[in-house]
There are 2 protein chains.
Amino acid sequence: MARKQGSHAGITGPKVRDVALRLFARYGYAAVSMRQIAREVGVQAGALYLYTPDKQTLLFDLMRGHLDELLSAWAEADKGGPPAARLEAFARFHMRYHLDRPDTIFIAYMELRNLEPDNFAEVERLRDLYEASLIDILDAGRAEGVFQVPDTRLAAKAAISMLNGVTTWFREGGRLGQGEVESIYWDMLRKSVSG
Amino acid sequence: MARKQGSHAGITGPKVRDVALRLFARYGYAAVSMRQIAREVGVQAGALYLYTPDKQTLLFDLMRGHLDELLSAWAEADKGGPPAARLEAFARFHMRYHLDRPDTIFIAYMELRNLEPDNFAEVERLRDLYEASLIDILDAGRAEGVFQVPDTRLAAKAAISMLNGVTTWFREGGRLGQGEVESIYWDMLRKSVSG
DNA sequence: GTCTATATTCTGATAGAC
DNA sequence: GTCTATCAGAATATAGAC
């Protein structure tokens with residue numbers, strides 16, 4: 001028989017973040033109320049404040065957590081090697097990682113403006129760190145003469161924008177499978193930085 | 001001496017849309033209150049309802065207006081000719097048009113989820129119409145053998161994502177001018193659809 | 001750790017005076 | 001066409017019982 005009351009140590013906290021993630025992604029941070037989150041978690045609104053000091057921190061924690069994980073996931077996935085191989089690894093990693101976490105990624109891009117200045121600065125710093133890892137690959141490839149790009153910082157931005165685009169429309173079970181889409185996007189990216 | 005009252009026929013209506021556009025872009029539709037809009041327009045909250053039946057319609061009108069203008073602007077800018085020339089025209093038109101209207105574009109992409117179903121369907125229809133004009137160009141180029149893309153629908157989505165990316169970071173007065181950025185992006189796009 | 005109850009402020013929208 | 005006044009409900013967050 002389901003408990004309506006009592007301790008759920010260690011369970012409610014993550015659940016609050018899971019529910020907030022899903023609701024923020026679906027309706028937007030500003031449109032979601034703490035009551036709505038509480039209802040889906042299965043607690044009273046007041047109880048949420050045991051797990052987060054306020055709504056803003058809840059959003060910030062989701063974003064920072066995402067970027068921390070993204071950075072360490074790429075650090076692990078990056079096997080080094082020649083720039084062209086690293087670029088392909090980056091492109092495929094980026095698309096897979098993002099397609100596996102649609103809600104997280106949606107929030108990371110859409111809710112930047114709802115972060116308070118200090119929180120925004122920290123999120124931007126982490127995002128720039130990730131972008132820097134792509135710029136490094138492009139710089140290495142340009143030095144070796146395998147990539148022809150006039151500006152690696154710009155090329156990195158263009159590449160990430162293109163790859164991000166996948167997440168806005170791709171749904172499993174559509175006309176093309178994820179592997180096909182990945183290959184087509186990678187092929188376009190490869191050509192775009194080649195002679 | 002400034003009037004605090006009286007008729008402003010034909011002025012307040014557009015001003016309401018201008019202010020709403022700016023505030024929605026800056027803080028998000030859900031986070032902006034009708035009172036906040038009224039304050040910046042310089043009227044009382046109740047007076048807004050003379051110009052829009054409700055907040056949702058205000059958002060929808062901004063989006064539909066934007067897409068109507070985008071479609072007719074491209075219809076006028078499209079001079080025809082060989083596919084490669086049309087693609088370059090499209091790319092440059094798209095970047096310029098979007099960089100000239102940052103607030104409008106921000107809303108068009110970020111506030112889709114805040115549209116009620118019927119309004120969303122109409123906005124999506126107009127957006128697909130715009131995307132179809134790019135697919136047409138890619139199809140024509142592929143038929144002539146000047147573009148090598150395995151899937152023109154996918155390539156259109158990838159291209160638009162990449163070009164849209166410019167609007168998220170470009171600011172006049174930065175390291176590169178708008179013309180340089182346009183040329184670099186166009187060059188990447190050109191290569192990405194070539195052999 | 002969760003509850004109920006509540007303080008305080010704000011929300012979208014309407015009514016009716018002028 | 002704009003005003004003031006107001007409705008009914010919802011918002012974030014806190015206090016204190018258990």
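Here the P atom of nucleotide C:dG12 and the CG atom of B:L58 are 11 Å apart, to the nearest Å. Taking atom CD of A:Q56 as the reference point, atom P of D:dA11 lies 18 Å away to the nearest angstrom. Counting to the nearest Å, the P atom of D:dA10 and the CE atom of A:M34 are 18 Å from each other. One interatomic measurement links the two molecules: CZ of B:R35 to P of D:dC7, which rounds to 13 Å at whole-angstrom precision. Between A:D54 atom CG and D:dA13 atom P there is a gap of 5 Å when expressed in whole angstrom units. Atom CD in A:Q36 sits roughly 15 Å away from atom C1' in D:dG9 (whole-Å rounding). If you measure from atom OH of A:Y49 to atom P of D:dA11, you get 11 Å, rounded to the nearest angstrom. Between B:Q44 atom CD and D:dA5 atom P there is a gap of 10 Å when expressed in whole angstrom units.
Crowding of A:D118 atom CG: a count of heavy atoms from other residues, nucleotides or ligands under 6.0 Å not exceeding 12.
Among the nucleotides D:dG1, D:dA13, C:dG12, the one closest to any side-chain atom of A:K55 is D:dA13. The side chain of A:V43 lies closest to C:dC3, out of C:dG1, C:dC3, D:dG1.
Among the atoms of the strands shown, only primed sugar atoms or phosphate atoms (P, OP1, OP2) are found under 4.0 Å from some heavy atom of B:V32.
For D:dA10, the OP1/OP2 oxygens have no side-chain nitrogen or oxygen of A:S33 closer than 4.0 Å.
Place B:A45 and A:R39 on DNA chain D by their nearest nucleotides, and B:A45 ends up nearer the 5' end. Nucleotides of DNA chain D nearest to A:A47 and A:A31 differ in position, and the one nearer the 5' end is that of A:A31.
Looking only at side-chain heavy atoms (C-beta outward), A:I37 and A:V41 come within less than 4.5 Å of each other.
Shown here are the salt bridge (charged side-chain N to carboxylate O under 4.0 Å, His left out) partners of A:K55, two or more places apart in sequence or in another chain: there are none.
A cation-pi contact, defined as under 6.0 Å to the ring centre and within 45° of the axis, links A:R101 to A:Y97.
Linking ILVMFWY residues whenever their side-chain heavy atoms come closer than 4.5 Å, directly or via other members, places B:V146 and A:M188 in the same cluster.
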